[in-house]
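Everything below concerns the one structure shown next.
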Amino acid sequence: MKYKLDEIVDYKSESSFEYTSKELKSGSDVRWCAGCGDFSIINQVQKVLPTLGIPKEKITFVSGIGCSSRFPYYMGTYGMHTIHGRALAIASGLKFARPDLSVWVPTGDGDCLSIGGNHFIHACRRNIDINVIMFNNEIYSLTKGQYSPTSKPGQVTKSSPFGVVDNPFNPSSLALGSGASFVARAVDMDIKTLANVLERAAKHKGISFIEVYTNCVIFNNGVFENFRDKKLSKEYTITLEHNKPLVFGAENDKGIKFEGHKPVVFNINEGNNSINDAIVHNEKDSTLAFILSNMTYNSDLPRPVGIFQAIELPTYDEVAIEQINVAKKKIGDDFDLETFLRGDDYWQGQ
Amino acid sequence: MKYKLDEIVDYKSESSFEYTSKELKSGSDVRWCAGCGDFSIINQVQKVLPTLGIPKEKITFVSGIGCSSRFPYYMGTYGMHTIHGRALAIASGLKFARPDLSVWVPTGDGDCLSIGGNHFIHACRRNIDINVIMFNNEIYSLTKGQYSPTSKPGQVTKSSPFGVVDNPFNPSSLALGSGASFVARAVDMDIKTLANVLERAAKHKGISFIEVYTNCVIFNNGVFENFRDKKLSKEYTITLEHNKPLVFGAENDKGIKFEGHKPVVFNINEGNNSINDAIVHNEKDSTLAFILSNMTYNSDLPRPVGIFQAIELPTYDEVAIEQINVAKKKIGDDFDLETFLRGDDYWQGQ
Amino acid sequence: MDRPKIELDEVTLRFAGDSGDGMQLTGTQFSHTVAQLGVDVNTFPDYPAEIRSPEGTLYGVSSYSVNAGAKVHTSGDYYDLLIAMNASSLKVNLNYLKKGGIIITNNAGFSDKILGLAKYESNPLEDGSLSDYKLIDLNINDYVKQKITNSSLSVKVIEKTKNFFALGMAYFIYNLPLNYTEEWLKQKFKSNLEIADINIQVLYAGYEYAKNDERIKNTYTIKNAKLKPGYYRNITGNEAIAMGLVAASKISKVPVFLGSYPITPATEILHKLSEYKSYGIKTFQAEDEIAGICSAIGAAYGGYIGVTTTSGPGLSLKVEAMGYALMAELPLVIIDVQRVGPSTGIPTKPEQSDLNLAFYGRHGEAPLPVLAPSTAYSCFEMVIEAVRIATKYMVPVILLSGGYIAQGTQVLKIPEVSDLPKLDINYYTDKETYAPYKRDKVTFSRPWAIPGTPGLEHRIGGLEKEDMTGNQSSNAQNHQKMVEFRAKKIEAIANDIPDASVYGEETGDLLILGWGSTFGSLKTAWDHLNSKGHKVSFCHLHYLNPFPKNLGKILKGFKQILVPESNMGQLAGIIRSKFIIDVLQFNLVEGRPFKAIEIEDKVLSILEKGNN
Amino acid sequence: MDRPKIELDEVTLRFAGDSGDGMQLTGTQFSHTVAQLGVDVNTFPDYPAEIRSPEGTLYGVSSYSVNAGAKVHTSGDYYDLLIAMNASSLKVNLNYLKKGGIIITNNAGFSDKILGLAKYESNPLEDGSLSDYKLIDLNINDYVKQKITNSSLSVKVIEKTKNFFALGMAYFIYNLPLNYTEEWLKQKFKSNLEIADINIQVLYAGYEYAKNDERIKNTYTIKNAKLKPGYYRNITGNEAIAMGLVAASKISKVPVFLGSYPITPATEILHKLSEYKSYGIKTFQAEDEIAGICSAIGAAYGGYIGVTTTSGPGLSLKVEAMGYALMAELPLVIIDVQRVGPSTGIPTKPEQSDLNLAFYGRHGEAPLPVLAPSTAYSCFEMVIEAVRIATKYMVPVILLSGGYIAQGTQVLKIPEVSDLPKLDINYYTDKETYAPYKRDKVTFSRPWAIPGTPGLEHRIGGLEKEDMTGNQSSNAQNHQKMVEFRAKKIEAIANDIPDASVYGEETGDLLILGWGSTFGSLKTAWDHLNSKGHKVSFCHLHYLNPFPKNLGKILKGFKQILVPESNMGQLAGIIRSKFIIDVLQFNLVEGRPFKAIEIEDKVLSILEKGNN
Ligand SMILES: Cc1ncc(C[n+]2csc(CCOP(=O)(O)OP(=O)(O)O)c2C)c(N)n1
Ligand SMILES: Cc1ncc(C[n+]2csc(CCOP(=O)(O)OP(=O)(O)O)c2C)c(N)n1
Ligand code: SF4
Ligand code: SF4
Ligand SMILES: [Mg+2]
Ligand SMILES: [Mg+2]
């Protein structure tokens with residue numbers, strides 16, 4: 001049966017395969033504070049999208065509530081600004097209904113991991129083909145500065161005047177533990193990694209989760225200084241690259257190697273060490289992904305950025321739609337409503 | 001300031017430190033189906049609790065909705081049968097309010113991981129001192145047999161007549177990814193491991209998560225046959241014991257060793273192998289815990305039961321209450337309401 | 001033995017036993033068989049929330065009522081025949097057996113232990129307490145075991161067929177053929193023919209047994225419904241809703257997306273729709289009710305008829321998302337199969353107490369259309385109506401079904417496809433004239449433009465939106481205007497729905513005003529009252545927000561208005577508020593449908609007072 | 001220069017600028033200073049949902065109104081003085097400036113760019129369009145930079161002090177002392193004295209500047225409130241609620257547990273209570289609103305006064321858990337600081353549109369007590385009242401506060417501790433007589449027995465409960481009985497709350513009936529009408545469910561009843577339903593409080609019609 005929708009699903013002559021970053025701006029004023037890290041992310045998104053060959057009208061941004069969740073208003077694509085924490089539930093329905101769309105969920109650490117935690121872990125588990133960009137500023141900004149599930153123990157915020165007592169989530173470990181197939185991290189200021197990760201996420205089939213460290217200049221200014229500052233970040237972050245050894249440092253002089261199954265830092269140029277001792281990153285290795293993700297709050301180790309894991313798993317949308325297609329084939333191209341209504345167990349009155 | 005509550009918090013002469021398993025029965029008929037795996041679990045709980053030195057009136061069971069969530073009705077302790085999925089949120093409030101209580105949450109795979117997923121991951125993250133027993137029967141039983149987030153792909157249920165298309169959670173990995181400090185698994189029929197794990201969970205400070213494979217005779221009979229059957233389980237499960245090598249098999253003839261950081265089965269008695277090659281389990285090793293948990297849906301490997309991880313982490317209740325105690329000390333034993341109401345910024349009218 | 005065969009206008013039976021005794025199945029088979037003979041049938045299942053409570057307990061009783069006759073609207077007030085597979089099921093159901101009615105008991109279920117569980121002090125089969133009834137007691141288990149001797153199956157399995165023995169007896173008593181059930185068994189157990197075979201043997205054995213039991217003095221035939229030509233089937237309201245959605249999709253050529261989380265008694269809609277993959281239905285079993293409705297909202301934005309199904313506690317959870325859908329002005333059908341509340345309440349029993357929540361339950365100014373089906377067929381019709389309103393007005397519509405019609409079966413005359421309403425649903429595609437919140441002058445509806453349409457890229461959201469553009473706006477006057485638009489949209493629907501109709505005179509002393517799933521009881525009561533010449537009228541509402549335009553006029557035509565509801569007066573409260581007139585309430589929250597006789601008695605007592 | 005000093009009964013000011021201009025702070029300082037002189041003050045903050053919108057935009061304007069005088073109930077209808085830090089803030093606020101009022105502008109905010117953003121075609125400072133007002137325009141930035149020359153701080157930081165320049169000017173105009181603000185700055189920036197110092201310098205500079213600007217023709221003094229002896233402080237409704245909870249805990253010796261999830265404009269209650277750790281308050285910032293209320297329910301079972309705070313969308317999310325708490329019959333206080341809905345609405349603006357949800361919004365039969373404070377002081381009183389009712393009746397109580405009183409400040413006379421109500425809350429401990437659902441004959445309340453009490457082990461739940469035992473029950477009559485008990489409990493509260501009181505005559509032609517946060521506007525309007533001799537009465541409700549027992553009688557005493565509400569008629573609907581009388585509505589949903597004058601005009605127009 002042909003639905004009216006099918007006409008819209010098909011590409012048309014007006015489909016806009018070619019468009020510029022500028023055309024991806026909605027024209028609405030961007031209402032983020034001057035200096036907010038969110039600007040850098042939207043810039044990269046607008047830079048990467050035109051390179052992917054996806055018609056503009058096929059792109060939809062679905063967000064919840066938060067400073068970061070205002071994102072769709074600023075994009076010249078289809079967009080929904082929805083309910084706090086519910087973006088992934090709404091996006092899941094949209095993607096399953098409309099597998100032809102490229103669905104993106106920009107979200108905050110509060111929106112995604114606090115109130116939205118359940119939809120997040122289930123979207124990861126189902127491996128539905130949605131791209132999630134989580135703006136982690138370790139604070140609730142739109143509500144003016146309460147701690148979030150990624151805030152650090154001891155952090156003083158408006159709702160923790162004596163310091164946070166909760167342990168934080170490590171978002172990438174949570175995503176991995178939930179079964180996500182693509183898990184990555186980037187920093188707002190490191191636009192190279194950010195752009196790369198965005199592109200890879202877009203191309204990945206199944207859920208793609210990107211955590212981006214984002215600076216909130218108003219309520220949590222400077223928390224990511226070690227990872228944002230050009231110089232400091234050389235020492236404090238390590239960039240994961242597939243099939244490449246894990247090295248870092250201003251002089252690329254340090255590496256990560258295993259001691260047992262524990263990652264430790266070593267100096268490449270010291271003693272008997274060599275770059276060959278360094279762990280070679282493998283995006284397909286789930287165990288390694290978890291070990292690397294686990295480095296996150298370990299202050300002896302640099303903070304990994306880049307792609308922890310990118311593996312192929314059946315996606316919810318593909319498998320579910322295949323199931324429907326198989327079922328449809330059984331009854332042929334269309335069905336007779338009369339026969340359907342009658343069912344198997346009918347009788348005739350006369 | 002002394003609260004009226006403080007009298008109840010303190011032990012009294014009527015406190016019942018000594019009680020039998022039988023006294024832990026509420027007297028209400030147990031309304032589970034004959035043959036339901038849930039019986040075995042309640043029996044073990046009633047067996048273990050009297051051995052712990054916790055007065056009976058200090059024990060509270062808080063559950064959501066489901067067959068398994070009827071648990072509190074059958075216990076002779078304090079209990080709340082609450083809302084589907086919300087037991088951990090309610091229990092968290094209760095535990096933080098009343099750290100003197102021993103708080104238990106019996107829950108189902110649907111109650112805990114589907115609708116209750118968010119409260120679950122946050123309870124794990126906060127490491128609040130609650131004991132969670134998740135009855136995993138891989139099905140929604142009380143609603144008569146729909147698939148759950150732990151059901152297997154392809155499984156035919158009332159709501160998946162063409163087979164489940166979702167990927168399942170691995171509950172222990174989700175718990176670990178959420179930051180839980182104590183994570184274990186048991187099987188309803190293996191009462192030795194079950195009793196041991198329950199006891200250890202009760203003694204653990206912080207969140208304790210126990211997944212129990214439970215047979216639903218009506219809607220999912222036999223799914224765990226390999227792990228429940230006395231004979232089969234010798235081949236299909238491996239029992240984790242702290243500081244002991246990972247061996248299994250009817251003749252204890254097989255072990256788990258590392259190849260790189262991947263666990264593989266080897267035959268202890270073959271070739272150059274020896275029991276010394278086997279991984280030695282260490283409950284304190286978070287990385288190992290994740291690697292072992294990751295064995296779960298790998299059909300080449302036996303299914304681990306026992307304690308994956310038991311580590312010490314600050315608990316929400318302790319840290320939060322310590323913060324309050326410190327703050328209270330600043331103003332002394334009591335406070336003057338008049339001064340409080342006046343605040344700092346008052347003036348006098350005359 | 002030759003017995004008189006008596007023709008009856010209507011018969012009511014109840015099959016009752018333990019949760020594991022298969023009473024739901026037996027009842028269903030009986031009703032299917034009579035229905036296929038052209039008799040009108042209405043059924044009602046009544047079972048505990050627990051799956052298999054301990055054997056023999058009072059709370060473990062599971063029953064199934066069947067009412068069959070020329071034209072029936074309910075599952076019947078009082079039974080002619082009660083089949084009680086054990087003592088507890090006798091205890092629980094005896095109240096509703098007619099004096100002189102037949103009781104068939106399985107004495108295997110009257111052991112001392114079970115008598116104890118049933119809180120019987122002495123055995124009612126022996127102590128004469130059943131002397132007002134025609135008791136046919138026998139040990140069915142023994143007969144079954146006698147019959148099936150050389151089977152490879154265990155005694156336990158064999159004994160499980162005892163419900164078919166009882167069914168066979170019932171077939172004999174009502175002169176019904178066995179072949180429908182026989183066929184069904186063969187079909188059902190086609191992969192295990194031995195099971196089919198012993199069940200069939202037992203069915204025949206029950207029939208034979210009844211033939212020879214002299215305590216059965218008469219047999220009966222049930223008057224045929226004078227069926228109009230056409231096709232018929234048995235159907236529950238839940239099934240009818242699933243069917244209606246497939247029909248709506250087919251007629252409109254717009255696909256349906258169901259986002260749902262299981263909950264009794266709504267889950268069958270999810271089950272049914274999950275089977276309908278070949279009809280293009282997408283079902284998404286969500287992680288919770290919030291994700292259920294939210295996924296449907298996402299699908300609606302994508303151009304689908306978004307549907308979500310639930311029951312009370314789930315409706316409570318969907319409140320926030322309903323508010324979002326109304327703010328985003330997306331088409332959505334929210335189906336609430338009501339059950340006993342508040343909170344978990346009594347999960348398997350019927351009530352009509354979610355009306356307030358449906359009507360008023362959103363933060364902010366947030367009116368929504370509320371519809372309520374009255375019968376299984378009406379479930380089919382009203383869900384199509386809900387789709388029509390949702391898509392035409394770009395609004396979430398709440399459909400309040402209920403445990404009674406949802407789970408009971410009724411005979412449905414299968415509608416002609418040509419009689420079904422046209423659903424002309426279109427997406428907006430014109431770049432030149434598009435504005436996301438440009439409104440139709442009549443419906444106040446906004447255009448439905450969906451992702452994938454080149455040039456119509458736009459953003460919607462839950463922040464107050466600027467008129468026309470849909471951009472976020474905190475402008476004072478704009479908010480007032482938008483609040484009014486959203487209200488006017490609901491009001492406009494009143495011009496687009498049928499007038500309410502009245503059974504009986506259009507004016508008079510007393511009007512019975514009902515809504516939703518109580519229709520059967522009210523209509524039966526009104527039929528009786530009317531046939532006895534009592535001057536009373538009856539109006540049943542399918543549209544609760546907005547009300548039909550003529551409702552005010554109807555209400556003014558009567559001196560008194562009686563509003564019977566399975567709640568404490570929720571419609572009554574709304575009527576008072578909207579029309580500023582008083583009404584009489586008649587409320588019942590006992591987790592069961594009204595009996596027609598209760599309504600009749602109430603009406604008579606009011607009429608009498610009026611005559612004093 | 002010597003100027004006449006004029007004494008005024010009442011003055012109204014508005015400080016307006018960009019979100020980053022510090023207008024909230026300036027307004028607060030001004031109000032604190034006048035208040036400390038014994039003047040009555042009422043304030044209202046008005047700010048965008050975004051934290052720092054782009055500079056100079058219309059939607060980025062943040063304002064703060066101050067109304068000060070002998071006795072004030074609102075933040076004022078029209079301003080005497082408007083401070084506009086840029087063109088957009090002038091544009092947005094000019095409407096509400098009195099003819100002849102003073103405008104102080106910072107010309108640095110009137111660049112061509114900002115004029116463009118403000119959608120001005122020409123510069124209003126130059127085009128004569130402000131000729132109806134007293135314009136005092138100056139480039140504050142320049143003056144600030146002139147003043148602060150040798151500082152280590154960057155120009156950007158120095159320019160940020162410009163709000164204190166404006167404040168200094170205002171202090172001069174109203175003859176106010178600078179020392180309170182000076183002290184406050186020293187205290188606030190005690191770890192960075194340079195910042196304190198330059199702000200103070202700038203404050204004085206503004207004062208000096210005003211002294212020398214000849215365009216300022218007069219200065220003013222504000223009439224003192226004749227303060228009763230006692231202590232006073234400035235307070236917002238949100239702060240008053242936090243204070244009230246501490247007081248309730250201290251008086252009753254029962255600890256308070258707050259489970260909450262941040263949401264504007266309720267979050268300050270969480271902030272405040274989080275600071276009150278030394279007073280034994282436990283606060284739990286939950287993962288969402290559901291966990292917020294659920295954690296409070298858990299704490300209530302554990303013997304705490306369970307409290308949860310939220311605003312509209314959060315209340316929608318708490319619906320299911322409210323139903324559970326009422327079924328479990330646990331004491332809970334649910335505080336909803338209402339904002340503009342539906343859905344996300346306009347998050348920072350006030351409305352009264354959650355009444356329907358509070359009143360009707362649960363599945364099943366689920367009435368709950370609903371209270372609403374009318375002023376900041378009333379927030380303090382009513383939250384104690386909510387605690388009293390919740391614990392005495394074992395019931396969740398909804399307290400409907402609102403953006404206006406919640407965030408605006410009022411002068412509070414600090415109550416004497418001895419005047420506070422007694423709260424006699426006790427746990428049940430007697431084994432012999434305990435039954436979980438044994439009810440008090442008067443209150444229908446059940447005993448509060450908590451874990452840790454030996455011998456009272458019991459289970460509660462959301463399934464319908466058997467009378468007395470609390471065991472699960474699906475018995476038909478038992479459910480009816482329990483539904484009625486739960487309703488009677490709410491009704492019983494009517495015997496335990498004060499009668500409603502009427503300003504003006506007890507009977508007459510017209511009654512203004514209000515509720516909650518509109519009190520200030522309604523009372524001001526009534527004061528004016530009354531002082532002008534118009535025959536109109538005024539009744540303001542703090543109890544909405546149940547209503548005060550005398551309300552029916554009051555309503556009957558008037559020919560017409562006018563119900564002004566910041567919604568589309570929610571109380572009006574409930575009054576119609578409960579009392580079956582019609583009322584006149586006056587509704588405003590513009591995300592702002594009523595102006596007193598709007599009420600007056602409405603009343604006058606009704607009175608006139610009556611006189612025709
Ligand atoms: C149901 C609901 N609860 C609470 C809120 C209030 N709220 C809005 S945004 C937000 C948190 C935002 O934090 P995050 O997601 O980290 O976004 P950020 O502002 O930091 O980018 C909260 C609590 C809401 N709008 N709706
Ligand atoms: C809010 C709400 N949604 C749905 C339900 C229906 N419901 C009750 S139990 C259940 C699932 C039970 O599954 P599980 O937790 O695995 O428990 P089991 O019965 O298998 O022990 C569901 C969906 C409900 N009671 N409340
Ligand atoms: S408050 Fe923080 S997160 Fe929000 S826009 Fe400003 S800088 Fe960005
Ligand atoms: S339905 Fe399954 S899980 Fe529920 S009581 Fe029966 S056997 Fe146990
Ligand atoms: Mg954030
Ligand atoms: Mg289960």
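Hydrogens, waters and symmetry mates play no part in the numbers below; they use all other heavy atoms, side chains included. Letters go in sequence order (proteins before strands), and every chain restarts at 1.
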* Would you mind checking which part of D/Ala35 comes under 4.5 Å of any heavy atom in chain B, side chain (CB onward), backbone (N, CA, C, O), both or neither? => both
* With a 4.5 angstrom heavy-atom cut-off, could you sort out which part of D/Ala300 is near chain B: side chain, backbone, both or neither? => neither
* Choice from B/His122, B/Lys330, B/Lys58 maximising heavy atom contacts with chain D below 4.5 Å -> B/His122
* Is the closest basic N to carboxylate O distance between B/Arg98 and B/Asp100 below 4.0 Å? -> yes
* To do: Under 4.5 Å, heavy atom to heavy atom: which of residues 102-112 of chain B reach chain D? Give them by number, or say none.
  => none
* Asked: Which bit of D/Ile281 comes within less than 4.5 Å of chain B, counting heavy atoms only: side chain, backbone, both or neither?
  -> backbone
* Which one, D/Ser295, D/Pro454, D/Gly461, leads in non-hydrogen pairs under 4.5 Å with chain B? -> D/Pro454
* To do: Flag the pair D/Lys188 and D/Glu183 as a salt bridge only when some basic side-chain nitrogen lies within less than 4.0 angstrom of an acidic carboxylate oxygen.
  => no
* Contact listing (chain D partner; residues 313-321 of chain B; heavy atom under 4.5 Å) -> B/Tyr316, B/Ile321
* **NE2-OG1 distance between D/His458 and D/Thr469, expressed to the nearest 0.5 angstrom** => 11.5 Å
* Asked: For D/Ser474 and D/Glu464, what are the C-alpha separation, side-chain angles and deciding distance, and is it a side chain to side chain donor-acceptor pair (under 3.5 Å)?
  -> CA-CA 7 Å; D/Ser474 45; D/Glu464 185 56 283; over 6 Å; no
* **D/Arg459 NZ/CZ over B/Tyr73 ring centroid, <6.0 Å and within 45° of normal** => no
* B/Phe335 six-ring face occupied by D/Lys250 cation (under 6.0 Å, within 45°) -> yes
